[in-house]
Amino acid sequence: MGFLLNFIEHEWHKEVLMGSVKQSGDNIVSVILIFSLLLCSSMAQSQNSSNTHDPELLQALFHSYANETLSRHHTGNLYNITLPSNFTTVQVSVVRLRSGRFWSVGANFSYFQIPKRVIPRPYAKRIAIVFDNLGNLSSYYYKVPNHSLVAPVVGFNGYDASNLSALNDEKLTFSVTDNPILISFPQISLEGHKNVTPKCVKFGDGGSVEFINMTQPNVCVTQGAGHFSVVVPSPPTPPKKKEEKQHWKRWVVGFVGGFLGLILLIVVGMIVFMVLRRKKIKEMENESEKGVAFDTFWIGRSRMPSATMMRTQPALEDDYDA
Ligand SMILES: *[C@@H]1O[C@H](CO)[C@@H](O)[C@H](O)[C@H]1NC(C)=O
Ligand SMILES: *[C@@H]1O[C@H](CO)[C@@H](O)[C@H](O)[C@H]1NC(C)=O
Ligand SMILES: *[C@@H]1O[C@H](CO)[C@@H](O)[C@H](O)[C@H]1NC(C)=O
Ligand SMILES: *[C@@H]1O[C@H](CO)[C@@H](O)[C@H](O)[C@H]1NC(C)=O
Ligand SMILES: *[C@@H]1O[C@H](CO)[C@@H](O)[C@H](O)[C@H]1NC(C)=O
């Protein structure tokens with residue numbers, strides 16, 4: 001802000017020195033406009049600053065780490081993946097399996113029991129399954145309207161891993177022909193939720209949410225890949241309260257923004273006033289310079305101002321003191 005004001009003042013002085021004051025009047029309008037735009041856009045940015053937590057991007061990140069991990073490891077074992085430090089509470093692991101074995105035995109890894117006779121499509125000689133548990137980041141990535149998550153979001157995706165050195169990035173779909181896939185949740189915390197029936201939810205691609213009844217405690221069933229959690233209906237009051245709080249915040253931001261704008265206007269107004277005053281004084285100075293030729297007379301070696309000169313002088317002195 002200080003820098004900008006200095007800049008404006010500097011520009012003004014330049015304009016005045018060049019004597020193009022009419023033009024600089026236009027310039028000050030554009031400076032005000034530009035500054036207001038900057039202020040507005042910075043405010044809008046601070047309102048939207050919450051990161052976009054896109055689950056698809058997260059899965060793409062897991063895929064690229066899985067690709068890197070698998071290129072160094074054997075088929076048949078589950079490997080934990082080390083993620084960047086902002087995801088340390090997220091657990092991701094990956095296993096590569098021959099699809100013949102996957103069909104005849106199934107896969108029992110992480111929180112998932114995939115029974116035998118599950119068919120991955122399209123056909124691949126080997127498949128890789130990436131498992132994840134989003135831990136305390138779950139609610140940033142997955143939300144269910146009017147419900148609260150009471151378990152972390154866990155999920156899995158399958159990819160074609162026929163090429164041992166490069167994991168295909170298209171997701172496989174799974175068809176269950178016999179028993180469903182079981183998901184055993186690591187923890188479900190029903191603290192503060194009395195007399196409610198927890199429900200399983202499945203998060204599909206594109207933000208779809210599907211409710212599934214929970215038939216065994218802490219266990220959900222699914223017919224395919226995706227992300228899963230457990231929810232309870234949320235009491236209607238907390239969301240409203242949050243909204244009010246946000247309204248309140250918006251008011252504060254608006255008020256502070258308006259106040260800053262007002263201060264800016266006052267400062268700019270003062271600069272305009274100062275510059276105009278200086279310009280006027282300069283004109284008066286020029287006038288009196290011209291006047292000197294006619295209105296002064298000489299006494300000995302010194303020049304004496306005439307009556308007209310006397311009247312303008314106090315204003316000049318005031319200005320040089322200011
Ligand atoms: C998978 O794990 C469950 C529980 O740990 C066990 O009961 C089941 O036999 C396992 N199945 C296979 C195929 O390993
Ligand atoms: C998640 O938990 C970890 C450790 O328990 C903590 O450092 C981190 O701040 C938590 N993150 C969020 C978003 O709550
Ligand atoms: C496997 O992937 C690597 C790396 O992308 C590529 O160079 C190679 O040609 C692929 N092999 C086959 C058989 O597609
Ligand atoms: C997977 O890793 C290999 C090298 O190990 C690399 O050539 C390839 O581009 C990676 N693929 C993706 C989708 O990141
Ligand atoms: C799920 O449970 C509700 C109530 O507990 C019941 O009305 C509904 O029919 C069940 N749905 C299925 C698909 O079992």
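When a ligand or atom number is given, it counts from 1 through the structure's own listing order. Index from 1, following the sequence. Quick caveat, the model's predicted, so the values are computed rather than measured.
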Among all the protein's heavy atoms, is there at least one whose distance to atom 11 (N) of ligand 4 comes out below 4.0 Å? yes

Can you confirm whether something in the protein, heavy atoms only, sits under 4.0 Å from atom 4 (C) of ligand 5?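 Flag for atom 4 (C) of ligand 5 set to false, no protein heavy atom closer than 4.0 Å.
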
Can you tell which of Leu70, Thr69, Asn67 gets a heavy atom nearest to atom 8 (C) of ligand 4? Asn67

Please work out which of Asn168, Leu167, Asn163 has its closest non-hydrogen atom nearest to atom 2 (O) of ligand 3.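 Selected option, by shortest heavy-atom distance: Asn163.
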
Supply the atom-to-atom distance Cys200 SG to Met214 CE, rounded to the nearest 0.5 angstrom.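 Rounded to the nearest 0.5 Å, the SG-CE separation comes out at 4.0 Å.
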
Rounded to the nearest 0.5 Å, how far apart are CG of Leu58 and NE2 of His227?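 Answer rounded to 0.5 Å: 7.5 Å.
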
Regarding Lys199 and the six-membered ring of Phe211, is the cationic atom NZ or CZ under 6.0 Å from the ring centre and inside 45° of its axis? yes

Which ligand 4 atoms are under 4.0 Å away from a heavy-atom of Ser71?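 Atoms satisfying the 4.0 Å criterion: 5 (O).
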
Per-atom contacts, ligand 4 versus Ser165 - under 4.0 Å to a heavy atom: 2 (O), 3 (C), 4 (C), 5 (O)

Any atom of ligand 4 sitting under 4.0 Å from a heavy atom of Ser64? no

Identity and separation of the nearest protein heavy atom to atom 1 (C) of ligand 5: Asn213 ND2, 1.4 Å

Identity and separation of the nearest protein heavy atom to atom 13 (C) of ligand 4: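 Nearest protein contact, heavy atoms only, for atom 13 (C) of ligand 4 is His63 CE1, 3.8 Å.
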
So, the side chain of [X] versus the backbone of [Y]: is there a donor-acceptor pair under 3.5 Å, distance only?
| X | Y | result |
| --- | --- | --- |
| Ser229 | Ala151 | yes |
| Thr89 | Asn136 | no |
| Arg117 | Val105 | no |

Residues Lys171, Asp205: salt bridge by 4.0 Å N-O rule: yes

Hey, which atoms in ligand 3 end up nearer than 4.0 Å to a heavy atom of Ala166? 2 (O), 4 (C), 5 (O)

